[in-house]
Structures are given as structure tokens and as C-alpha cells.
Amino acid sequence: MGNKIRLGIIYGGKSSEHEVSLRTALSIINAVDPEKYEITPVHVQLDGTWVKGKPAAGQITHVEMLRLAESAAGTGMAEGALQQAGGGKAAPVLALGREVDVIFPVIHGPNGEDGTLQGLLELADIPYVGAGVLASAVGMDKWMMKNVFAQAGLPQVNYVGVLRSRLQSDLQGIVDQIERELGYPCFVKPANMGSSVGISKAKTPEELVNALQLAARFDRRIIVEQYVKARELEIGVLGNEQVITSVVGEVIAAKEFYDYEAKYKGAGTELQIPAQIPAHVAEGIREMAVKAFQAIDGSGLSRVDFFWNEENDRLYINEINTMPGFTPYSMYPMLFQAAGIGYAELIDRLVQLAIERHADKQQNIIAAEELD
Ligand SMILES: Nc1ncnc2c1ncn2[C@@H]1O[C@H](COP(=O)(O)OP(=O)(O)O)[C@@H](O)[C@H]1O
Ligand SMILES: [Mg+2]
């Protein structure tokens, strides 16, 4: 038991991707070598309550065992809620630092991969897998992400950012601006969602207004983009300051765009790995993915998504996902599998990268007095 890595896995979350997260956590737990890791599951329930389980090595075999309830009824796995009176729903996680060496947060979307959870883990001084606060926050906000990509000189479709408050005061002005700068069809997205929630394609002024109003229900920041008819190509990035990339994969969606249904209910989407594309396109994707990862100060892992217009051979970056889908059948692990790095090894590497990044940070001095 002595020199095992004590790995905490935080999963679930107040998120539409709660169930996906549970399945991912189970996959990770089942994949890692029980001789090497002791796992402490931490379930963030749908209402935001944190429940910590007992440390386990290999005994967690079914997703139901990860649904830790405060009462622990039936499972015998839960140690108790981390919630404490007056402490906020997540504050007691700070105490986890004494019980685990590293944490793998597998919560997608807001409150999971947007830097908030990462900030909590920074305060707790626990090494954690994946992007830090800054990269997570930039990667989560599609509007800010695009501004950062633009600054890095990465090609992307034209876009217009809109604040919700402007919908009340200047709706016609917004429509005029979008028609002038983008035209139809355009894509309207809440800046902070992911999983294609609240996203729509607008082909007329009426559809645009409806799309803006729908997006505004999910976020106060909205992004509108030019539509591009293109193939959707994705690549994995792994590392901290030195990175490697995976092979390129393609998402082939049967529906009009790759939406929530298509993504999670498997409604006709197909992953083609490796993508059948010319070598120069794969090379362009590789270069741009590394640039994008570095532009947001990424660490650990990211999946970077592209649009490639085959007719005119133009490549645009679409987005970077700092906590991509991570079941063994998700794009990111499959892209690395095809590059010769299997799922268990990928987890080993991510854990090491987390520890290295945490150690690197310890080099910082806090006050000028510490200078020799
Ligand atoms: N500008 C665009 N042009 C054409 N299709 C788009 C555009 N933006 C998004 N899409 C389609 O919508 C899907 C979801 O958009 P995306 O920005 O990737 O959001 P999510 O964070 O939900 O993955 C994309 O995978 C693509 O199929
Ligand atoms: Mg996407």
C-alpha cells in the first residue's frame, strides 16, 4: 500500500454531462493498475453536494457504485458528505489534500472545466490533472477563446460577441451588425456552455432573433459565427510546456450539425480515426493545435477541433476543449490509442504531468525578500 499513488477522482457535477462524467470516472478507475493506485472517489451530486467515498483498489465495478449518497444506503462505499454547515457546498474539499496525492477532475462544462474547480484545487494545494485556472477559463468561454486565438494569429471564422443586456437595448443594432459582418446562415452559441446546448443555426432575421434569445437563457455572453461548410477534424494534445499530438480524427455527423443528441445518444455520428485527409492538412492541424494549446497556457490534455473546407482547402480552428470526453470510446483517448498510447498509459502520463506542474509551481517565490 505504501508507495501507491493516492488518486482522487472528482466526477458528476451540476451539469447536463453528469452521467457521462460518471461513466468516465468508472472507466478510469477500471483502467488503472490497482497495484499502482489507490482511488478515492468523490461524487459531486446534481445539486452540488460533494460526497467522498472510501479509498478503494479495484473494488468499484459498476457505475451505480459511484452514485455516492450521503446516507450511503446500499453501496457501503460512501464515507460521508463533504458538505458542512456554513462551509459552502464544496469548501471541505480543501481537507482532501491530506488524503490524496493528486486529483483527476472529470467534470465537464461550467463549474467543472471552467477554472472554478481548478481554483478550488489550487487553494487546496493539490496537484490535479489537466488545465489550470487560466486555461480552463479561457477554454470554456468561446468568445474569450476566439479573442485569444485571434491574437495568436490562428485562422477562424468571423465572429461577433454579444452581451445579453444588449438584446434589450439594441436588438436591431445587433441584427444589423451580424448581417453586415457575418451574413446568413450563422451560428449562435452561448459562450459558456459546451455540448451544443443552446446552439442554433440561423438562416433569417427571425431565426437569428430566436437563436439569440435562446442562447441568452443559458449565458450572458453570446457568440455569433459565420457558417462554414466543412469537415470536422479533431486532434489530441498531451503535455505541459512540451507537448505531443495524436493522430487526427474526423467526426462524421448524420444530423445537420453535431449537436447534443448526436454527441451523446450516438444518433448517427461516426468517428473516423485516422481521418482520411491529405498530409498537409494533418500537418496544419498539428501546428495550429500546439499553437492554440500554448496560446491559452494549456496543460495536461486538450482536444482541439477544426473545420476544414475541402473545396477551397481552408482550415479554421473551432475550439479547444480542456476536459474532453474521456471514456475509452471518446475521441481523445482513441486518437492517442491510434498514436500508440493506450488508455491506462494516458492516465499514468496525465497523473505525472499533474505532479510535475504542481512541482514547477513550487519554484515560485512569494515575496521579494526571498530573493538571494
Ligand atoms: N461556424 C460554424 N459553422 C458550421 N458549423 C458549426 C459552426 N459552429 C458550430 N458548428 C456545428 O455545431 C457543432 C457544435 O458547435 P461547437 O462550437 O463545437 O460547440 P460545443 O461546445 O457544443 O462542441 C460543431 O461541432 C459543428 O457541427
Ligand atoms: Mg465542439
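Counting starts at 1 for both ligands and their atoms, following the listed order. Start at 1 with the first residue, then count along the sequence.
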Does ligand 1 have a heavy atom under 4.0 Å from the side chain of Val251, from its backbone, from both, or from neither?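 Neither; nothing of Val251 gets under 4.0 Å from ligand 1.
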
Side chain, backbone, both or neither: which applies to Asn321 and ligand 1 if a contact is any heavy-atom pair less than 4.0 Å apart? neither

Indicate yes or no for a side-chain donor-acceptor contact from His18 to the backbone of Gln45 under 3.5 Å, with no hydrogens or angles considered.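 The answer is no, because no donor-acceptor pair under 3.5 Å joins these two groups.
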
Atoms of ligand 1, numbered as shown, that sit under 4.0 Å from any heavy atom of [X]:
| X | answer |
| --- | --- |
| Asn318 | 16 (P), 17 (O), 18 (O) |
| Tyr227 | 3 (N), 4 (C) |
| Gln226 | 1 (N), 2 (C), 3 (N) |

Glu311 atom CD, over 12 foreign heavy atoms within 6.0 Å: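 No.
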
N/O/S atom name from Glu319 that is nearest to the position of the Mg ion (ligand 2): OE2

Can you find an N/O atom of Lys142 closer than 3.5 Å to an N/O atom of ligand 1?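 Yes, at least one N or O pair falls under 3.5 Å.
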
Polar-atom distance check: Val228 versus ligand 1, any N or O pair below 3.5 Å? yes

Just jot down the side-chain contact (heavy atoms from CB on, under 4.5 Å) partners of Gln294, sequence neighbours excluded, or say none.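 Expected list: Val290.
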
Which of the listed options, Lys189, Glu319, Met145, holds the heavy atom that is closest to atom 17 (O) of ligand 1? Lys189

Out of Glu232, Gln156, Met140, indicate the one that has the non-hydrogen atom closest to atom 27 (O) of ligand 1. Glu232

Do Tyr11 and Phe104 make the cut of ring centroids closer than 6.0 angstrom? no

Any salt bridge linking Glu99 with Arg6? Criterion: basic side-chain nitrogen under 4.0 Å from a carboxylate oxygen. no

Salt bridge Arg349-Glu345, side-chain N to carboxylate O under 4.0 Å: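 Counted as a salt bridge, because a side-chain N and a carboxylate O are separated by less than 4.0 Å.
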
Side chain to side chain donor-acceptor pair (under 3.5 Å) involving Gln363 - partner list, sequence neighbours excluded: Asp360

